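As the structure is a prediction and not an experimental result, all values here were calculated from the model.
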Amino acid sequence: MTTYPAAPDTSRTPGIPDFPAPRSSACPFAPSPELSALAEHGPVRRVRSWGDSTPWVVTGHAEQKVLLSDPRLSVDFANPGFPSPIDPRHSRAHGERPDLSFVGMDDPEHTRLRRMISGTFTIKRVEAMRPAVQRMTDRLVDEMLAGPNPADLVQALALPLPSLVISELLGVPYDDHEFFQTNSKTLVSAVATGEERGRAHKALGDYLDDLIGEKIAEPGDDLLSKLGRHVRDGELTRREAATMGVLLLLGGHETTANMISLGTLLLLQHPGQLAVVRDTDDPRVVVGAVEELLRYLSIVHLGRRRTALADIEIAGQTIGAGEGVILLGELANRDPLVFEDPDRLDITRNARQHQAFGGGTHHCIGQPLARLELQVLYPTLFRRIPTLRAEVPLEETRFKYDAVIYGLHELPVSW
Amino acid sequence: MKITVDEEKCCGAGQCVLIAPEVFDQRDEDGIVVLLDAEPAAEHHGLVRESASVCPAAAIHLDEA
């Protein structure tokens, strides 16, 4: 009898690790232990994802920095080799991917659209918002202190602050804040159904579309008025402008909210470092602490995804044209070649080389604003509520292990 | 030290403006880098090197020959 060897079961081939691999609930602030182990075997590795796809994973800091600026990598998720962030065998259940405006486009179109609004995010203009962000933060802390104790910090502070800041930036009239907040909350809610999120997405898109119409008639000094001028000049349709508005809302909302809640919890675990943030008179100390929290927490943790448009040689490997590439920022941010003793939280280190906001042409456009919100929020919170403590032990805290943006479902606190 | 900046690659992050404000600025209209001093005095070299090294778009080039 002739026996034929079975087709190789490549799902178990040694040396091709599975991806994604979750963080460990024993170390909720650390990257996935499997992926950290992978990084020790070289900065560029092939992985197995969703059954039969074998994209490349890049873990090294230097390699990611080079690739993030390489125009031969495309962000367009319509490319056949694009590494899907969700299991394509179940993707129908997730519905259509939302239009993310220029985030899903390559240059030159990406840069043409991005530069219509990038002037809003210069260091000077964002710095000018500091007093307003301080006022919003103080008001939210006032409201939290006037409400029930214990409270959920996610609902009381982490989600509303970015939403208020973005509505200010876009130029949403104060009377519409409640509508805007309610819908933006649904849009990023972990418990809302896909249908509810879709409705909120459309409601916000329609609302911003109308508002841009009003701004064209009566321009102000805000971002929607700026977009209105581009619509008037024929460089943008009103719907494209409204989509950009929704993108800014989405991009700046859950990300900043999760940094607020996770960073607060992490500092509560490190009372000595918390005291430094709370008691310092030197704004540079707070700036440095925020950079270290961004590095250490690395909330964009399912990879920045690209498709190679040509063969790319990197770190002794050849990424073939058409293959998927996944850049793992949380491992770049723990690369011992760049950060000494990378698993130690040290708010006094120089963490500026971190890739929490990505890099290259798609580097996060809202990053100065996110940094400002965090620089205001942490010291304000710990100064105004020095007795703040987590109500739930760490092992019972609900971390968002599966979410595209890492964070907390809720953070019950008392004072 | 001679500095050149690549306006096409620049992503307007402003990290250089924060680190070395005497050497770098940003255009108001789109945040793209403005080089204030292409051959800065030696006292600025350390901060200029850090600016080039943290630039998220790798848009700052230094010629130190």
If you tally heavy-atom pairs under 4.5 Å between each of A:Cys364, A:Gly358, A:Ser118, A:Pro71 and chain B, the highest tally belongs to A:Ser118

Among the listed options A:Gly119, A:Gly359, A:Pro368, the residue most often paired with chain B at heavy-atom distances under 4.5 Å:
A:Gly119

Identify which of B:Ala59, B:Ala57, B:Gly12 forms the greatest number of heavy-atom pairs closer than 4.5 Å to chain A.
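Looking at each of B:Ala59, B:Ala57, B:Gly12 in turn, B:Ala57 comes out on top.
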
Straight-line distance of [X] [atom1] to [Y] [atom2], nearest 0.5 Å:
X	Y	atom1	atom2	answer
A:Arg352	B:Gln15	CZ	CD	7.0 Å
B:Asp30	A:Ile117	CG	CD1	11.5 Å
A:Lys65	B:Ser53	NZ	OG	5.5 Å

With a sphere of 6.0 Å drawn around CD of A:Glu340, does it hold more than 12 non-hydrogen atoms of other residues, nucleotides or ligands?
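No, because the 6.0 Å sphere around CD of A:Glu340 holds 12 heavy atoms or fewer from other groups.
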
Inspect the surroundings of CG in A:Asp341 and state if more than 12 heavy atoms from other residues, nucleotides or ligands are less than 6.0 Å away.
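Enclosed.
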
For [X], is it the side chain, the backbone, both, or neither that has a heavy atom closer than 4.5 Å to a heavy atom of chain B?
X	value
A:Leu68	neither
A:Arg284	neither
A:Asn350	side chain

Under 4.5 Å between any side-chain heavy atoms of [X] and [Y], yes or no?
X	Y	answer
B:Cys11	A:Arg114	yes
A:Arg125	B:Gln26	no
A:Thr111	B:Glu8	no
A:Lys124	B:Val17	no

Contact summary for A:Gln367 and B:Ala13, nearest pair of heavy atoms:
NE2-O, 3.0 Å

Tell me if a side-chain donor or acceptor on A:Arg115 pairs with a main-chain N or O of B:Ile32 at a distance below 3.5 Å.
no

